[in-house]
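Reviewing the structure listed below.
Just so it is clear, the model here is predicted, and its values are computed rather than measured.
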Amino acid sequence: MTPRWTPGIGDPGVTGWVTVAAYMAAAVACAIAAGRESHRGGGTGARFWAMVAATMLALGINKQLDVQSLFTQVARDAVTGWGWYEQRRALQVAFIFGVAAIGVISIVLALRRLSLLRRTMRVAIVGIVFIFTYVFLRASSFHHVDLFINRSVAGVKWNAIFELTGIMIVLGAAIVDVRRARFLDF
């Protein structure tokens, strides 16, 4: 670990805690969906929702431990150590476009390869890819990206809007899946 980073509360404001609560709500909803699937004998569905629940839990914990700041600091140290600091802008642009491309490609491949999964699961995948794309872009901590995502719309910063949108997609998919399973149990 780098000595310039220590674990702590990364976003102690109201929006930070609302985001953590949303991650935890999504984790619980996904865990309930996994339990319903397991009860009904659905191995693939149970494993899918359990993995998504674990992912949401880990992201909620990460939200407040600010592990992405450690990633950013380690990357800065590496770029400086390799003598690439002067080319950092080009590296930053390449990183941003690379992350965006990986996000889009991941969605397309996941939706094509996972066509056997129910629609709610495919929607959850879109939400997860959305969140991870946001997290990686945020972890890049590039000046131009930071300027944009720290702007506000109706008093809410873009970074909260992006992150909460992905979480709500996953949460909504899990809730719909649980309600569908409840309907099928009757």
Less than 3.5 Å apart, which donor and acceptor atoms pair up between the side chains of residues 51-59 and the rest of the protein, not counting sequence neighbours?
{"unit_1": "T55", "atom_1": "OG1", "unit_2": "M51", "atom_2": "O", "d": "2.8"}

May I have all residue pairs that pass salt bridge (Lys or Arg N to Asp or Glu O under 4.0 Å) and include part of residues 19-29, sequence neighbours excluded? none
Side chain to side chain contact (heavy atoms under 4.5 Å, CB included) involving [X] - partner list, sequence neighbours excluded:
| X | answer |
| --- | --- |
| R47 | T44 |
| T165 | F130, I161, I169 |
| A22 | L164, I167, M168 |

Suppose we screen for side chain to side chain donor-acceptor pair (under 3.5 Å). Which residues come up paired with T19, at least two apart in sequence or across chains?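 In terms of side chain to side chain donor-acceptor pair (under 3.5 Å), with neighbours along the sequence ignored, T19 is linked to no residue.
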With sequence neighbours left out, which residue pairs that include part of residues 123-132 fulfil the side-chain hydrogen bond (donor to acceptor under 3.5 Å, both in side chains) condition?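 Not a single pair qualifies under side-chain hydrogen bond (donor to acceptor under 3.5 Å, both in side chains).
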Over all heavy atoms of both residues, which pair between [X] and [Y] is shortest? Give the atoms and the distance, please.
| X | Y | answer |
| --- | --- | --- |
| C30 | V170 | SG-CG1, 3.8 Å |
| I131 | Y23 | CG2-OH, 3.4 Å |
| L171 | A25 | CD1-O, 3.6 Å |
| A50 | A34 | N-CB, 3.6 Å |
| A124 | A173 | N-CB, 3.8 Å |

Are F132 and V129 side-chain neighbours, meaning at least one heavy-atom pair lies under 4.5 Å? no
Any heavy-atom pair between the side chains of W49 and T120 that's under 4.5 Å?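 Yes, close enough: below the 4.5 Å cut-off.
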Do you know which of R36, E37, R119 makes side chain to side chain contact (heavy atoms under 4.5 Å, CB included) with D177? E37
